[in-house]
Amino acid sequence: MGLTQALATSLSGLTATQANIAIVAGNVANAQTPGYVAQTATQVAVTSGDSGESVRIASINRVLDQYVQQQLRTESSGGAYADLNAKFYQQLQQVYGQPGSNTTLDATFNSFTSAVQALSTSPSSFSAQSQTISAAETLAQQLNSATSSIQSLRSEADQGIANDVQQANNSLQLIANINQQLASGSSNDSTSASLEDQRDQAINQLAKVMDIRIVQGNHNQVTVFTGSGTQLAGTQASQLSFNSTGTITTAQQWSADPSKSGLGTITLTSPSGGTTDLVATGGFRSGEIAGYLGMRDGVLVTAQSQIDALASQMSSALSDTTTAGTAVTSGSQSGFNADIGSLSAGNTIQITYTDGSNVQHNISIVRVDDPLALPLSNSATSNPNDTVIGVNFSGGPASVVTQLNSALGSTGLQFSNPSGTMLQVLDSGPGTITVNAVSTTTTATSLTGGSGALPLFTDGATAFTGAITAAGSEGTGYAGRITVNNALVADPTKLVTYQTSPQTAVGDATRPNFIYNQLNNASLVYSPATGIGSVTSPYQGTLSAYMSQVISTQSLAANAATNLQSGQDIVVNALQARFNSTSAVSIDTEMANLLSLQNNYGANARVMSTVKAMLDTLMQM
């Protein structure tokens, strides 16, 4: 090797060493910078005829395990989903009260039943009457408060979606911008590595709000897709849009049909202008947005249905009376007569019949005063196994008969109006069907109707009847509107006095006993929309048993959410530690590298010094 070649080799060594020292310095300086990935230089040997062998920096690389990085993003999305669910479930638990305290929903209900029991023992006691009214008001107020809290949580979730959509748009735009810069090839290796760090940070933030998939492309570019496969960003970014509702009410629910939806959805607009409803197409399966949507449109809606069902069934149990029809025959036909004159909107006629194959059928005929609500679905009553028929009563009994014969004539049932407000239900004759029973369920709207039933709880100023309109069922959101009958608050003696002619005796316990029995012993059917029971086997039980089921179900769900959060946190932390072990800056490693580089620098410097001395000697000769 000639002196010139030796000089060139040592000079390249010095240059490469300086570059490596700069990289070490950058690593140390950014050791605490969030998202910074340690960098290393790739050195290659270069051989030329004139300069001999030398070394140069071929590239500056980031030290990371892409497989672990992708796993970390996937689990981070799941972790964010689990964290959010656990948070909301814990807040929802507060709606029902702290277990063991006297302010829980079941404790308040028990206080009410205890007051009624005391009243049944001393019906004439004005103190017992007043205490019963007070306990009823406390229960109604707690149901009102629970509704307010649940809807506040839904509003919070809605606002959370809006915030996450904005964050997602910012991340997508940043990813697209960096992809464009990397594609241009104008950046040096160090700058490219820094840009990739920024892009990774944006991708990590995006992964927390939604589940994503990353595909590596040329020139260090990446393409971002949703977990379900919809492209979000490349060199151009799609745009997410969401209209926050603000304050949400019980009547506002999301629907895939925009004309029926009362809440905002998330629309993806691609760079070409195409749009996709990501909520309707299941575009969110994990991450915070999926958690918010699940709470706003699922968990919290079910929670509201649960307390609405409690309020509805409690009101109906105290105010509704079921009257069996009277058996009749007409020639060879047989069946029942039922008076439908007292039915209010939402009240029902129940028919049970057995067909020719010995299969029993149940039919619920619902009075509907809003024609726009027709036809009804089978979920319009608590028992979805009933066949539900909605009938408009505005045309009188003759119109009711016409509608029923049109809707149910094919079953073999025959309807007629023999007189007044009487509805007659007959079979088609011997050897056809058997009409087993006909009954009507009506709501007491007066405090002195002559029976124990009374509208103790009302929907604002009117009796609760379960009416169904085009806007929905009266039961939706009823827990937020339930109140104690103002007439009872003004005159608590009506808790005992159920008729005026003849006047109810002062110590008559008929009504208090009826109230207590209905609250504690009445077996009621609850809609599967409550999440208790199923479509084929809806839950049936007393009010207290149902309430226990609700609290138990919510408690189990909250515990499951907490356990999932704990497990997910362990996975995320383990992956983060594994990722950091290779990608994060290790000061010890960098110091060791620096010592080695210093030795290399010194060795190359000595070679240059020796070559210089030799050249000086040669020149003097």
Side-chain angles (χ1 to χ4, degrees), residues 316 320-357 359-445 462-475:
S316 296
D320 287 1
T321 300
T322 298
T323 304
T326 303
V328 296
T329 58
S330 177
S332 62
Q333 297 174 283
S334 60
F336 294 85
N337 279 349
D339 188 348
I340 60 173
S342 299
L343 266 67
S344 301
N347 287 170
T348 59
I349 305 166
Q350 298 86 30
I351 301 174
T352 302
Y353 74 94
T354 303
D355 64 21
S357 300
V359 176
Q360 183 170 295
H361 301 266
N362 297 315
I363 299 175
S364 290
I365 301 168
V366 183
R367 172 169 176 168
V368 178
D369 288 352
D370 183 357
L372 295 178
L374 299 174
L376 300 182
S377 70
N378 282 351
S379 61
T381 62
S382 296
N383 193 340
N385 296 318
D386 287 359
T387 299
V388 178
I389 305 294
V391 175
N392 184 353
F393 274 51
S394 61
S399 173
V400 171
V401 166
T402 300
Q403 293 175 67
L404 291 176
N405 280 324
S406 174
L408 297 170
S410 61
T411 64
L413 294 170
Q414 294 186 2
F415 299 87
S416 62
N417 172 224
S419 63
T421 57
M422 196 65 63
L423 176 68
Q424 189 170 87
V425 186
L426 300 174
D427 59 28
S428 302
T432 56
I433 66 171
T434 301
V435 182
N436 302 318
V438 176
S439 62
T440 60
T441 298
T442 58
T443 300
T445 57
T462 60
F464 175 83
T465 63
I468 301 172
T469 66
S473 169
E474 184 183 8

- Query: Quick one: does Thr469's side chain have a donor or acceptor within less than 3.5 Å of a partner on Ala471's backbone?
  - Reply: yes

- From CG (Leu413) to NE2 (His361), nearest 0.5 Å: 9.5 Å

- Would you say Asn417's side chain and Gly420's backbone share a donor-acceptor pair under 3.5 angstrom? yes

- Item | Smallest separation among heavy atoms of Ser416 and Val401, with atom names | C-CG2, 3.5 Å

- Task: State whether a side-chain donor-acceptor pair under 3.5 Å links Thr442 with Asn347.
- Result: no

- Message: If you compare all heavy atoms of Val438 against all heavy atoms of Ala338, which two are closest, and at what distance to 0.1 Å?
- Response: CG1-CB, 3.9 Å

- Verify side-chain contact (heavy atoms from CB on, under 4.5 Å) between Val435 and Phe336, making sure each step is shown before the conclusion. CA-CA 8 Å; Val435 182; Phe336 294 85; 3.7 Å; yes

- Item | Test side-chain contact (heavy atoms from CB on, under 4.5 Å) applied to Leu426 and Val328, step by step | CA-CA 8 Å; Leu426 300 174; Val328 296; 3.9 Å; yes

- Do Asn436 and Thr354 get their side chains close enough for a donor-acceptor pair, meaning under 3.5 Å? yes

- Query: When rounded to the nearest 0.5 angstrom, what distance separates CG in Leu374 from CD1 in Ile389?
  - Reply: 10.0 Å

- CD1 (Ile468) and OG (Ser377) are apart, to the nearest 0.5 Å, by 8.0 Å

- Residues Leu376 and Gly390: closest non-hydrogen pair is CD1-CA, 3.6 Å

- Are the side chain of Asn378 and the backbone N or O of Thr387 linked by a donor-acceptor pair below 3.5 Å? no

- Message: Main chain of Phe464, side chain of Glu474: is a donor-acceptor contact present, judged purely on distance under 3.5 Å?
- Response: no

- Message: For the backbone of Ala327 and the side chain of Asn337, can you confirm whether one donor and one acceptor N or O come within less than 3.5 Å of each other?
- Response: no

- Note on the structure: OG1 (Thr432) and CD (Gln414) are apart, to the nearest 0.5 Å, by 8.5 Å

- Message: Keeping Thr465 on the side-chain end and Gly346 on the backbone end, is there a donor-acceptor pair under 3.5 Å?
- Response: no

- Task: Output the distance between atom CD1 (Ile351) and atom CG (Leu423), rounded to the nearest 0.5 Å.
- Result: 7.0 Å

- Item | Nearest atoms (heavy-atom pairs only) where Pro371 meets Asp369 | CD-O, 3.5 Å

- Message: Show, in sequence, the C-alpha distance, side-chain angles and deciding distance for Ile340 and Phe393, and conclude whether the side-chain contact (heavy atoms from CB on, under 4.5 Å) test is met.
- Response: CA-CA 10 Å; Ile340 60 173; Phe393 274 51; 4.0 Å; yes

- Query: Can you name the nearest heavy-atom pair linking Leu372 to Ala470, along with the distance?
  - Reply: CB-CB, 3.7 Å

- Query: Under 3.5 Å, is there a donor-acceptor pair between the Thr441 and Thr322 side chains?
  - Reply: yes

- Which atom names give the shortest non-hydrogen contact between Ala444 and Ala463, and what distance separates them? O-CB, 4.4 Å

- Item | From OG1 (Thr348) to CD1 (Ile363), nearest 0.5 Å | 12.5 Å

- Message: For the backbone of Gln350 and the side chain of Asn362, can you confirm whether one donor and one acceptor N or O come within less than 3.5 Å of each other?
- Response: no

- May I have the step-by-step check of side-chain contact (heavy atoms from CB on, under 4.5 Å) for Ser334 and Asp427, ending in yes or no? CA-CA 6 Å; Ser334 60; Asp427 59 28; 3.1 Å; yes

